[in-house]
Each structure stands twice: as C-alpha cells, then as structure tokens.
Amino acid sequence: MSDVSATDISAAVAAGGASDVGVALLDLKTGQLVAQQGDQQFYSASLSKLILATDALQQTLSDADRQLIYRALSLSDDNAMDVLWTRFDGMGAISRVAAAAGLTGTHAPDDPSQWGEVVITANDMVKLYAYILGSPVRDAVVHALSAAPATAADGFDQAFGLLGVTGVYAKQGWMYYLPSDVHLHSAGVLDGRYAVAVLTTSPTGSWTTAREAINAVTTALLGELGVNG
C-alpha cells in the first residue's frame, strides 16, 4: 500500500455524494495507515457488536454464549446482541476494548440501552481489526464474520460495501434515524493484509441512495488497491 496516499483516496470519499464519509485503510503488514475523515465520529449501528464480541470472547463462555456471539457477528442478530449487551457489561466492554486496542475516538453510548449509538471512527475500526488479529479471539471472530450471509437475521440485505468482495470478511452496520439519517457501515479485512473501514451517514432518508453511496465509495477505495470486486 506504499503507493496509496490520503490524496489518492479522496476521490473515493467524494464518490459518496451527499453522504458524510469516513474511510481508513491499514496495511496490517507494514502498519501504514491512510485515511480521509478517519477521525470523524459516527454512531456504530451494528459495528458495536464486533467491539463487544472482542471483550466477551476473552471471558469464560458457555456454548450458548458462543452461539449468541456467532449470531451477532455473522447474522448481525440484534436479539443476540441485546442479550450479550446486558450479560457482558456492554458499556464497560466498549471502554475496555477501546483502552486495550488504543481506540482514541471510540466510546460507549450516552444512553446505556442504545448499543447502536456507540461512537466509533474509521481509524479506530481498522485498529480494532489489528488488535483482534493479534489476540486469542482471532479465530472465533474471523470464523463468524466469514460466515456472514447476504440476508441478516432481521431480513435486511447486508450485501453492501465490503461484504461479498472476494477475499474479504467484514462486519456490516445499518441504522435509520428520523427524520432522514441513514447509517451504513462496512469494516473488514482484505486478503489478510488490509483492514478497511467505510463509515457513512446519508441525509437523504433513502436506503437505496445510501447503499449506492457506500458501494461507490468502497468500489473506488478497493480500486486503489487493485481490487475490482
């Protein structure tokens, strides 16, 4: 990634149109990080599931607990996350992982009941992957994310952004806030080499427009790495 600069990926961010976009690329081999709006804060939507799972998987778990984590990561199952958030101290989990992984822009939600409102940044999401891949939770996380189906537990089509790109496993996030904010996020790892995060908030109120925006950003971003999907 030595020839990819922040300037190079500015066009990828611009492809998001009216959406607010935060993008980060981390070369897991060299440690090189390039980003545009990498420190801009976004609500996490379901990306908080990845943070919570990272903490919970370092504790003593029952088979039922492990199944809940698997469902939260692969199917993005909100019901599973509701249980995990309470059972494994979600508020504390976010703070513990942020401290351990050096996530400087990530913090627990103001409302303890709203795990979708964990605050994250693109830079922090790629740092989180670097932390996960160097930790004992690696295999469980990679296995679950690699099994993510196109249709989530709630019936949402999560085949956007990085999901479905050859050689990528990713965690997806989506959330709608009245009157018009549509949050769509995609964060994952490409070919075991690059951690990639694309975070977007569209003000259009349209899932279709938001999906087109994140897909355009992701396609342009991966194009800088020579990936065509």
Side-chain angles (χ1 to χ4, degrees), residues 1-28 30-51 94 97-98 101-110 116-132 158 160-163 165 168 170-177 180-190 193-207 209-227:
M1 199 174 69
S2 60
D3 58 344
V4 178
S5 69
T7 301
D8 293 329
I9 64 174
S10 62
V13 171
S19 293
D20 288 329
V21 180
V23 163
L25 286 172
L26 175 63
D27 188 324
L28 296 166
T30 67
Q32 180 188 3
L33 172 68
V34 294
Q36 284 282 344
Q37 284 80 256
D39 287 326
Q40 181 170 332
Q41 293 181 314
F42 293 81
Y43 279 150
S44 66
S46 286
L47 294 192
S48 59
K49 294 170 183 172
L50 183 60
I51 305 174
I94 302 303
V97 173
L103 313 182
T104 58
T106 294
H107 64 76
D110 292 335
E117 293 180 3
V118 169
V119 173
I120 61 171
T121 69
N123 282 347
D124 279 357
M125 290 311 299
V126 295
K127 291 177 186 176
L128 176 63
Y129 273 112
Y131 174 77
I132 289 169
Q158 62 173 341
F160 59 84
L162 295 165
L163 193 65
V165 174
V168 174
K171 183 71 197 78
Q172 310 289 75
W174 55 91
M175 186 167 66
Y176 183 83
Y177 262 44
S180 61
D181 283 348
V182 178
H183 303 266
L184 280 181
H185 309 318
S186 188
V189 175
L190 169 65
R193 173 68 183 272
Y194 302 106
V196 184
V198 182
L199 311 182
T200 70
T201 302
S202 171
T204 65
S206 166
W207 284 111
T209 301
R211 185 180 292 268
E212 289 172 349
I214 193 171
N215 286 342
V217 173
T218 305
T219 298
L221 186 63
L222 294 182
E224 293 294 340
L225 294 174
V227 178

Throw together a table of side-chain donor-acceptor distances under 3.5 angstrom for residues 9-26, partners on residues two or more places apart or in other chains.
residue, atom, partner, partner atom, Å
Ser10, OG, Thr7, O, 2.6

Q: Name all residues meeting the salt bridge (charged side-chain N to carboxylate O under 4.0 Å, His left out) criterion together with Lys49; count only those two or more places apart in sequence or in a different chain, and write none if there are none.
A: Asp78
Q.
List the residues meeting ring pair (Phe, Tyr, Trp, His ring centres under 6.0 Å) with Phe160, not counting sequence neighbours, and say none if there are none.
A. none
Gap separating the [atom1] atom of [X] from the [atom2] atom of [Y], nearest 0.5 angstrom:
| X | Y | atom1 | atom2 | answer |
| --- | --- | --- | --- | --- |
| Leu184 | Thr200 | CG | OG1 | 5.0 Å |
| Gln40 | Asn123 | CD | CG | 11.0 Å |
| His107 | Asp124 | NE2 | CG | 10.5 Å |

For [X] versus [Y], what's the shortest heavy-atom pair and its separation?
| X | Y | answer |
| --- | --- | --- |
| Leu162 | Gly188 | CD1-N, 3.4 Å |
| Met125 | Ala197 | CB-CB, 3.9 Å |
| Lys171 | Leu47 | O-CD2, 3.2 Å |
| Met175 | Tyr43 | CE-CB, 3.6 Å |
| Thr106 | Thr121 | OG1-N, 4.3 Å |

Backbone N/O of [Y] and side chain of [X]: donor-acceptor pair under 3.5 Å:
| X | Y | answer |
| --- | --- | --- |
| Tyr131 | Leu103 | no |
| His183 | Phe42 | no |
| Ser48 | Ser44 | no |
| Thr204 | Ser206 | yes |

Results of side-chain hydrogen bond (donor to acceptor under 3.5 Å, both in side chains) for [X] - residues two or more places apart only:
| X | value |
| --- | --- |
| Ser186 | Gln172 |
| Glu117 | Tyr177 |
| Asp181 | none |

Any side-chain heavy atom of [X] within less than 4.5 Å of one from [Y]?
| X | Y | value |
| --- | --- | --- |
| Leu50 | Tyr129 | yes |
| Leu163 | Val168 | no |
| Tyr194 | Leu225 | yes |
| Ile120 | Gln41 | no |
| Leu33 | Val126 | yes |

Q. Which is it for Thr201 and Val182 under the side-chain contact (heavy atoms from CB on, under 4.5 Å) test, yes or no, and what are the steps along the way?
A. CA-CA 6 Å; Thr201 302; Val182 178; over 6 Å; no
